[in-house]
*Asks:* 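Pasting a structure below so you can have a look.
Protein chains get the first letters and strands the later ones, always in sequence-line order, with residue 1 at the start of each.
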Amino acid sequence: MTSHSPSLPSKAERNPAAFSFRAALVSTDHKVIGILYGVTALTFLLTGFLIMMLMRWQLAYPGRALPGASALFGSNSARMPGGVMVPEFYYQLGAMHGTIMVFLAIVPLLVGAFGTYLVPLQLGAPNTAFPRLTRLGYWSYLAGGVVWLSSFALPGGAAQSGWTSYPPLSIIAGHGQTFWLIGMILIIVSSIAGAINMIVTIIQLRVIGLTYMRLPFFVWSQLVTAFLLLLAFPPLGAAGILQLMDRVVDTSFFLPSGLVVSGAALTANVGGQTIPRGGGSALLWQHLFWFLAHPEVYVLVLPAMGMVAEILANNARKPLWGYKSMVYGTIFLGVMSMLVWAHHMFLTGMGTVITAFFQATTMIVSIPSIIVLTALLASLWGGAIRFNTPMLFALAFLPMFGIGGLTGLPLGLAVTDIHLHDTYYVIDHFHYIVVCGTLSAIFGGIYYWFPKVTGRAMNERLGRIHFWSSLVLLNCIFMPMFIQGMAGVSRRLYDGGLSYAHAQPVLKLNVFITHAAFALALAQIPFIVNLLWSLRRGPRVEANPWQATTLEWAAASPPLAQGNFETPPVAHRGPCEYSVPGKDKDYTPQWEQ
Amino acid sequence: MTTPRPPEIPYSVTPRPDTGFTNAQLGMGLFLVADLMLFGGLLSSYVLLRVNAGVWPPDQHHPVAALGALKTGLLFLIVAATNAARHGKSSPPRPLFFWLTALAALAFLATTGAEYAKALSQGMAPGVNTYIGMFYALTAVHALHVLAGLVATLSIPILAVPLGKTDPLRLASRRSVTAMYWYFLTAVWFVIFAVLYLA
Ligand code: HEM
Ligand SMILES: [Cu+2]
């Protein structure tokens, strides 16, 4: 390129709020990459949602043609011949709904978008510690997502062994599973790069005066989350490599001996000879998988707690009650979460001693969650609460997370888990946490930090419509699933239980749930309209519109394109000094003398 | 109006006083913790498969211990050369030893390649049994790490040494971080060597 004219300011410099896509592609600025993460992950969230709607149609009306399916898939497609979903396609959708939602939507929103964007600002830092690593993390994440989505176009379709990819099924499955593993390895690279960057940024780039006990609780939640990602993802990487070898070079790490598939013994062609496969252990995969995946469920909720804590303190105009116990509780939670994985395996016949151990650790790990929840609740006491949209979402998080958490206890006890394992009760338990809880927190976070990111406020009225309709509909969707689960309806049934006698009394609920889910889609329209409209037309705001105390509000809205702050701020006090007696205003920012 | 330059990231070359680390040192330390979990996952899979198997090794197939010993020797050479490349604040960097490190790493990879070729020609494919499968998994993952180390080491004489003439601190930091990595790979190799070649 020779048309290089250094005198002309770039589009982003002329108008810092303008987001240039060409510049974003090569940027190493944490704000730009945070926004890229956010936009990408919201798109994946929508994708996972649309996939779920296809599934919900099939569950409510098994075997009935989906109106418009022929237009969408072609009238003689192998997936939906005549508009009716074949079982294999349902299993692909199920596996990919879970995979996309966890690894491409929720975690990238919490950690990639909010974490990457906000943490350096809350630390008073100019960028992350390793800007190029931030960029690598994003692109590796996007590549993983593209690999996963493209696998739907394979002749045999996408992975269909659930988001858990249990062998032996996952090893004898079609090529979609190989794509799943390759995508997963890219996601692991992205997560580990992001986790290292996050930890180093927090430890090294804290501005003068910002001691550990002055860090906003959100930063603490991100720090513990990053450690979980750092320690839990590599073993899944090991498992992924071994499963890839089982599929590609015919090893049998996860294949027990004597396996018969479709009436024939499973064999491999090794060095010109045909030998039976076997000698491995299917349970080995489950251990390695859940060693990641249980900490992963805390990754799905800790940053949400962090965001809720910020929003709650700000709008209750009160300091967080028991900040220190929240911090220590979160650290304890992080440590314990690495010791509970086998509570997903009570039904594998591990033996009573191991079962008793994991049952005990599971009960213990619930204590710190309750401490944090209690502290958040107590922080509201006596506050002059501002009920704006972010606050409504943050408040809704508390009971929703509470329901999700409490319904987990019966699953952590082996006796009750025998009945509940692999039913819709389990599906429902974790959806209360990740959808009703975490997703609420994410929406709250978007409404709360949107002014910081764009310099404009979102519309309150649309926000309230979005909030109330979503809250009601979410509970319409998920309350009935508890009933189905307790009646014994299994998860991962492509007919929603139609062929099972014991499911008949609760089958009608499927229709109700599906209608509520479709209505929930409509309820997101005010949000999407609000987001796009406010981006251009929302009223302009100054640096600190919520009168908040943490350092991101010391920067302009939006912060400077390079380096965030005019001059690096200095932290003089703790993160949530609201309504300090004797002060003339009800908030004392960290950066004020 | 001038184009704003990307901001200088604090503690990129000098350690932060209260933590005692540069960003890169802490980052590499964390990476090695993650990597330990990766090898830990593979090695505990090995242990579980071995415990579950009745006979171990399951049949006559066995990797050649002499080749394993040769690879051990090469790793020692790598560590020694990386250490010798250390330089003081005033003394100039010594690119020669980085080249030597890279050469030893290249020899390591070549040995691995020869080892695989020989094994495959004798019918010792990964699918023969889980022990041989583990042999390929562990040595291949380790060799990929050596390859990454090779690239990182080569980047020093090619990219960083010219720069180090003006900024010796940055070069010293690059060297010390690669050295951490090689120490780690050597330590992990001892375990791999013991469980695979001496089994
Ligand atoms: C309103 C939104 C959502 C609805 C209505 C919904 C609905 C469902 C349903 C009905 C299933 C069960 C499929 C079956 O067992 O056959 C399912 C599975 C699952 N969902 Fe969601 N989901 C939603 C959002 C999410 C989100 C945000 C996550 C993010 C973490 C998520 C993660 C999962 C996972 C991990 C599975 C298990 C997949 C498997 O069986 O392997 N879902 N969802
Ligand atoms: Cu768990």
Side-chain angles (χ1 to χ4, degrees), chain A residues 6-10 13 28-29 125-131 133 192 195-197 199-201 203-205 226 229-239 241-242 245-246 249-253 268-273 275 277-281 283-284 287-288 291 560-564 568, chain B residues 1-12 15-16 18-19 21-31 33-46 48-49 51-54 58 61 120-134 136-138 140-141 144:
Chain A
S7 54
L8 271 180
S10 75
E13 283 165 72
T28 54
D29 182 67
N127 200 347
T128 55
F130 306 114
L133 202 60
I192 292 174
I196 292 174
N197 208 351
I199 298 172
V200 176
T201 304
I203 293 180
Q204 296 281 102
L205 301 193
L229 291 172
L230 186 79
L231 297 176
F233 258 118
L236 183 70
I241 292 168
L242 296 182
M245 287 180 70
D246 271 4
V249 296
D250 282 345
T251 52
S252 305
F253 296 124
N269 191 325
V270 172
Q273 282 173 293
I275 60 168
R277 296 183 75 177
S281 160
L283 277 191
L284 174 59
H287 280 295
L288 291 169
F291 187 81
L560 292 191
Q562 297 285 358
N564 293 336
Chain B
M1 197 169 162
T2 54
T3 319
R5 276 164 42 77
E8 195 67 36
I9 305 296
Y11 312 116
S12 293
R16 179 175 165 123
D18 60 350
T19 64
F21 298 118
T22 65
N23 297 344
Q25 283 167 343
L26 185 59
M28 179 51 84
L30 290 166
F31 172 73
V33 169
D35 227 14
L36 189 65
M37 296 299 292
L38 174 71
F39 282 107
L42 289 172
L43 285 165
S44 35
S45 306
Y46 172 90
L48 197 128
L49 290 170
V51 168
N52 278 358
H61 291 287
L120 288 174
S121 72
Q122 293 173 347
M124 202 170 101
V128 164
N129 59 51
T130 51
Y131 168 52
I132 298 305
M134 264 334 239
Y136 281 101
L138 279 164
V141 170
L144 283 177

*Asks:* Measure the CG-CD1 distance between B:L30 and A:I199 for me, rounded to the nearest 0.5 Å.
*Replies:* 5.0 Å
*Asks:* Contact part of A:I203 toward chain B, heavy-atom cut-off under 4.5 Å: side chain, backbone, both or neither?
*Replies:* both
*Asks:* For each of A:D29, A:L284, A:D250, tally heavy-atom pairs with chain B at distances under 4.5 Å, and name the one with the top tally.
*Replies:*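 Heavy-atom pair counts peak at A:L284.
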*Asks:* Using a cut-off of under 4.5 Å on heavy-atom pairs, state which of A:P126, A:G272, A:A125 scores highest against chain B.
*Replies:*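 Of A:P126, A:G272, A:A125, A:P126 has the most heavy-atom pairs under 4.5 Å with chain B.
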*Asks:* Which atoms of B:A137 are under 4.5 Å from chain A, going by heavy atoms: the side chain, the backbone, both sets, or neither?
*Replies:*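 B:A137 touches chain A through backbone and side-chain heavy atoms alike.
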*Asks:* Under the side chain to side chain contact (heavy atoms under 4.5 Å, CB included) rule, what do A:L205 and B:N23 come out as? Steps first, then yes or no, please.
*Replies:* CA-CA 9 Å; A:L205 301 193; B:N23 297 344; 4.2 Å; yes
*Asks:* Which atoms of A:A129 are under 4.5 Å from chain B, going by heavy atoms: the side chain, the backbone, both sets, or neither?
*Replies:* both
*Asks:* Check each atom of A:L231 against the heavy atoms of chain B and say whether the ones under 4.5 Å are side chain, backbone, both or neither.
*Replies:* both
*Asks:* With only heavy atoms counted, which part of A:L242 is less than 4.5 Å from chain B, the side chain, the backbone, both or neither?
*Replies:* side chain
*Asks:* Using heavy-atom distances under 4.5 Å, tell me whether A:I196 contacts chain B through its side chain, its backbone, both, or neither.
*Replies:*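 A:I196 touches chain B through backbone and side-chain heavy atoms alike.
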*Asks:* Flag the pair B:S45 / A:S281 as yes when at least one side-chain heavy-atom distance between them is below 4.5 Å, and no otherwise.
*Replies:* no
*Asks:* Could you tell me which portion of B:M134 (side chain, backbone, both or neither) has an atom closer than 4.5 angstrom to a non-hydrogen atom of chain A?
*Replies:* both
*Asks:* Check each atom of B:L48 against the heavy atoms of chain A and say whether the ones under 4.5 Å are side chain, backbone, both or neither.
*Replies:* side chain
*Asks:* Quick one: what part of A:P568 sits under 4.5 Å from any heavy atom of chain B, side chain, backbone, both or neither?
*Replies:*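 The answer is neither part of A:P568.
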*Asks:* Within the structure provided, determine whether B:M37 and A:F233 are in side-chain contact (heavy-atom separation under 4.5 Å).
*Replies:* no
*Asks:* Examine distances only and state if a side-chain atom of A:Q204 and a backbone atom of B:T19 form a donor-acceptor pair shorter than 3.5 Å.
*Replies:* no
*Asks:* So what's closer than 4.5 Å to chain A heavy atoms on B:L26: side chain, backbone, both or neither?
*Replies:*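 It is both, since atoms from each part get that close.
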*Asks:* Is chain A contacted by the side chain of B:S12, its backbone, both, or neither, given a heavy-atom distance below 4.5 Å?
*Replies:*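 Contact with chain A is absent: no heavy atom of B:S12 under 4.5 Å.
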*Asks:* Is B:F21 in contact with chain A via its backbone, its side chain, both, or neither, using a 4.5 Å heavy-atom distance?
*Replies:* both
*Asks:* Distance from B:N129 atom CG to A:I275 atom CD1, nearest 0.5 Å?
*Replies:* 8.0 Å
*Asks:* Can you give me the closest heavy-atom contact between B:A125 and A:V270, atom names plus distance?
*Replies:* CB-CG1, 3.6 Å
*Asks:* Roughly how far, to the nearest 0.5 Å, is CG of B:L38 from CD1 of A:I192?
*Replies:* 7.5 Å
*Asks:* Look at B:G27, B:G123, B:S121, B:P58 and state which one has the largest set of heavy-atom pairs under 4.5 Å with chain A.
*Replies:* B:G27
*Asks:* Heavy-atom distance under 4.5 Å to chain B: side chain of A:T28, backbone, both or neither?
*Replies:*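 When you check distances to chain B, no heavy atom of A:T28 falls under 4.5 Å.
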